[in-house]
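Here is the structure we will look at.
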Amino acid sequence: LQGNTSILLRIRPGWEEMRRFLAGQVDNKQRFSVSVCTAAQRPYALEVWRLLDPQASLIPQDQWKTRIVNVSVGKKTILNSLALPTAPANAPPSEYP
């Protein structure tokens with residue numbers, strides 16, 4: 001991450017409450033494992049995530065490589081959003097979720 005860049009980020013109302021809930025900070029019980037799938041370029045995605053979760057309470061920084069996934073525009077699917085393998089073009093449909 002570069003310290004000499006600027007980003008104007010509009011955080012939606014309710015984000016802090018949702019972040020605290022997802023992190024288990026509301027009732028001390030974490031119920032979710034958070035992942036991010038985006039078509040944004042990786043440096044931008046990492047910087048925005050750092051701003052959205054500054055304490056790394058949702059995704060520890062050492063897990064960013066596997067839990068923040070970047071895909072090509074038009075290639076975002078539920079499988080790559082969940083970091084699941086995609087089927088080869090010639091594979092029978094029953095072999096893959």
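What's counted below: heavy atoms across the whole structure, side chains too, no hydrogens, waters or symmetry copies.
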Looking at [X] and [Y], would you say the former's side chain and the latter's main chain have a donor-acceptor pair under 3.5 Å?
X	Y	result
Asn70	Ala39	no
Arg67	Leu58	yes
Gln30	Phe32	yes

Practice item. For the residue pair Trp15 and Trp49, categorise the inter-ring angle as parallel (less than 30°), tilted (30 to 60°) or perpendicular (more than 60°). Key: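 Plane angle over 60°, so perpendicular.
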
Partners meeting side chain to side chain donor-acceptor pair (under 3.5 Å) with [X] (sequence neighbours left out):
X	value
Glu16	Arg19
Arg20	none
Asp27	Arg31
Arg10	none

**Study point:** Arg42 and Ile68: CA distance, side-chain angles, deciding distance, side chain to side chain contact (heavy atoms under 4.5 Å, CB included) verdict
**Key:** CA-CA 9 Å; Arg42 188 151 186 86; Ile68 300 176; 4.2 Å; yes

Exercise for review: Please tell me if the side chains of Val71 and Thr38 come closer than 4.5 Å, counting only heavy atoms from C-beta onward.
Suggested key: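 A side-chain contact is absent here, since even the closest heavy-atom pair is not under 4.5 Å.
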
Review point. Between Ser35 and Val69, is any pair of side-chain heavy atoms under 4.5 Å apart?
Key: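 A side-chain contact under 4.5 Å is absent here.
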
Check your understanding: Has Gln55 got more than 12 heavy atoms of other residues, nucleotides or ligands less than 6.0 Å from its CD?
Key ->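 Yes, because the 6.0 Å sphere around CD of Gln55 holds more than 12 heavy atoms from other groups.
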
Practice item. Could I get the full list of side-chain contact (heavy atoms from CB on, under 4.5 Å) partners for Leu51, not counting sequence neighbours? Key: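 Once residues adjacent in sequence are excluded, the partners of Leu51 under the side-chain contact (heavy atoms from CB on, under 4.5 Å) criterion are Leu9, Glu47.
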
Check your understanding: Does the side chain to side chain contact (heavy atoms under 4.5 Å, CB included) test come out yes or no for Ile59 and Val36, once each step is laid out?
Key -> CA-CA 9 Å; Ile59 302 175; Val36 175; 4.1 Å; yes

